[in-house]
Amino acid sequence: MGLLENVEAELSAAIGAAVGDEGHHDPLLRRSDFADLQANFALAMARRLGTQPRELAAKVVGRLEGSKLVRDLEVSGPGFVNLSLTDAGLVAEIADALRSGAPFDLAAEGDRDVVVVDYSAPNVAKQMHVGHLRSTIIGDVLCRVLSHLGHRVVRRNHIGDWGTPFGMLIGQLSAEGLGPDAQLDIADLTDLYQRARTRFDEDPAFTEEARGWVVKLQAGDPTARALWQALVTQSARYFNEVYDLLDVLLTDDDIRGESSYDSDLDDVVEELDAAGLLVEHDGALCMFLDGFTNRDGEPLPLIVRKSDGGYGYAATDLAAIRRRIRVEGATRILYVVGLPQNLHLSMIFAAAGAAGWVTPEHRVEHVAFGSVLGDDGKILRTRAGAPVRLVELLHAAIDRADHEVRIRHDDWDAQRRAPVARAVGIGAVKFADLLNDRRNDYRFDLDRMVATVGATGPYLQYARARISSILERARSEGMVADSAVAPDVAFGNDSERALAIELAHARRTLLDVAQTLEPHHLCRTLLDVAGAFSSFYENSPVLKAEPPVRELRFALCRTTEMVLESGLDLLGIRSPDEI
Ligand code: ARG
């Protein structure tokens with residue numbers, strides 16, 4: 001347990017004693033401009049108890065005299081409590097982080113989940129677009145953070161590999177005389193898709209033929225299967241190139257495409273029907289769920305089986321959620337999918353609730369995100385107006401980073417620059433994506449993203465590299481940078497204290513991320529820590545200091561290094577030793 005949690009526990013106990021109720025009380029700790037922290041519990045509690053908030057706050061303050069963790073408590077405003085952390089508490093926190101080697105608190109044993117994370121989910125025979133980029137980056141961070149906290153994470157890549165488009169793709173392949181061993185890269189595949197689509201829309205005979213292929217595919221016809229498999233395999237090769245470039249955890253083992261639920265679909269219908277949840281509507285089997293209406297206020301159907309007997313996107317998602325809970329044992333499911341699919345997912349969640357698959361013990365959440373915009377403030381497009389291709393975007397970022405690295409190190413050759421440019425370029429794109437509240441749109445501005453100044457990934461990479469080199473130098477000069485801090489050492493100046501406070505806040509940040517599913521809290525924390533380190537380093541010479549101050553400063557450096565290193569790693573961002 002970290003310092004802030006201990007402070008919370010102390011406050012909670014003091015509140016309990018003041019009101020004569022031993023249960024848990026949440027003191028709602030916030031940062032404050034006037035003190036280290038502000039507790040905000042008295043207003044709401046006093047209202048409930050019918051007492052004065054300031055009086056209640058004063059009682060709690062009285063009970064905390066002599067605390068080893070907090071000092072200078074003061075009732076402020078209508079009933080807030082301002083408080084400062086003691087130096088001894090902060091020093092012990094740093095020592096504890098170093099001793100355990102863990103800068104972040106983990107989830108309590110009893111709170112650990114089996115979390116299925118549904119993310120990335122590109123479509124076969126199509127380019128990944130920027131929406132898939134966001135899903136992949138955000139989902140990857142959530143997987144890393146949740147598993148670091150101790151949860152069991154099941155990654156699921158719900159690729160679009162089933163349904164009507166495959167009839168037309170297979171039809172087109174066979175019309176062009178292409179067999180299962182035709183070598184098609186992603187550009188060939190997207191062209192094929194275009195040709196198939198055009199014919200499908202314009203040529204009724206082809207439309208019929210394509211429908212026939214869908215039926216054959218679902219019936220397991222060997223020719224249809226082989227062609228389909230070729231499409232999937234070749235697309236997956238391309239997806240993996242993108243995942244490699246992005247440094248994300250996804251592998252082929254995580255793929256559970258829409259097709260993998262095909263065998264469950266009849267059972268799903270049977271089960272929903274037996275529960276009396278299906279209604280026939282224009283020949284289709286539908287669910288009507290409470291609270292879902294169209295613009296005219298009419299009930300909105302969730303189509304489980306289409307009038308032609310085929311299954312669509314919704315049916316697959318129903319089968320997926322059912323399997324995730326029943327077979328995979330999920331207690332929490334995250335769908336990292338763009339905002340526009342909120343209605344679809346909300347209906348799936350409601351349907352799964354009605355079917356009794358999702359119960360109040362399960363948390364099922366849409367981790368929605370906004371769009372990426374270009375310079376003109378509109379959805380990012382190429383100059384020709386086409387949606388931007390992911391790989392091109394990433395290579396552009398690496399090129400830009402290479403340019404920056406060349407400016408900083410004119411003596412480095414291309415080979416030496418390459419890994420750094422890659423780490424910086426990709427790190428820049430990921431950090432810029434993760435820094436904003438995910439629900440917001442953001443502007444894709446490469447120049448700003450790759451800069452080593454400002455709120456950027458490269459700034460953090462730079463900060464981490466600098467601290468590591470300071471420590472490295474100290475060690476090479478024979479200084480013992482790793483000895484323990486004396487527990488009674490006092491801070492010599494405010495910048496040391498300010499850094500220690502940021503490190504104490506950082507300790508809880510992953511728990512926040514897991515709760516809110518908002519990676520930007522981790523990004524902000526790392527920026528705060530790096531910023532506090534900067535002014536610490538300006539104001540507090542480390543190598544020239546005398547013990548025990550020197551040990552304390554080394555300890556602050558090492559804890560900062562640990563937070564930045566581990567934090568960047570959890571964001572899926574590399575941190576090279578020189579940038
Ligand atoms: N393949 C879909 C698309 O590109 C995203 C799938 C998201 N996941 C899900 N379970 N529906 O829009």
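What you see is a predicted model; the values in this text were computed from it and never measured. When a ligand or atom number is given, it counts from 1 through the structure's own listing order.
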Original post:
Short N/O distance, under 3.5 Å, between Glu258 and ligand 1?
Top reply: no

**OP:** Under 4.0 Å from a heavy atom of Tyr335: give me the atoms of ligand 1 that qualify, with their elements.
**Re:** 10 (N)

Subject >> Val367 vs Val337, side-chain contact (heavy atoms from CB on, under 4.5 Å): CA-CA, chis, key distance, verdict >> reply: CA-CA 6 Å; Val367 183; Val337 184; over 6 Å; no

**OP:** Identify whether the distance between the nearest side-chain nitrogen and carboxylate oxygen of Lys216 and Asp221 falls below 4.0 Å.
**Re:** no

Subject >> Sub-3.5 Å N/O-N/O distance, Val337 and ligand 1 >> reply: no

**OP:** Pull out every atom of ligand 1 sitting under 4.0 Å from any heavy atom of Asp118, numbered as shown with elements.
**Re:** 8 (N), 9 (C), 10 (N)

Subject >> Heavy-atom gap Tyr313 to ligand 1 smaller than 4.0 Å >> reply: yes

Original post:
Would a distance-only check, ignoring hydrogens and angles, find a side-chain to backbone donor-acceptor pair under 3.5 Å from Ser346 to Asn342?
Top reply: yes

Original post:
Is there any side chain to side chain donor-acceptor pair (under 3.5 Å) pair reaching into residues 233-243, and which pairs are they, with sequence neighbours excluded?
Top reply: Ser120-Tyr243, Gln127-Tyr238, Asn157-Tyr243, Gln229-Thr233, Asn240-Asp252

**OP:** Just jot down the salt bridge (Lys or Arg N to Asp or Glu O under 4.0 Å) partners of Arg197, sequence neighbours excluded, or say none.
**Re:** Asp201

**OP:** Write out the residue and atom name of the closest protein heavy atom to atom 12 (O) of ligand 1, then the distance separating them to 0.1 Å.
**Re:** Gln341 NE2, 2.9 Å

Subject >> Salt bridge flag under 4.0 Å for residues Arg422 and Asp247 >> reply: yes

Original post:
With a 4.0 Å heavy-atom cut-off (strictly under), which part of Ile159 contacts ligand 1: side chain, backbone, both or neither?
Top reply: neither

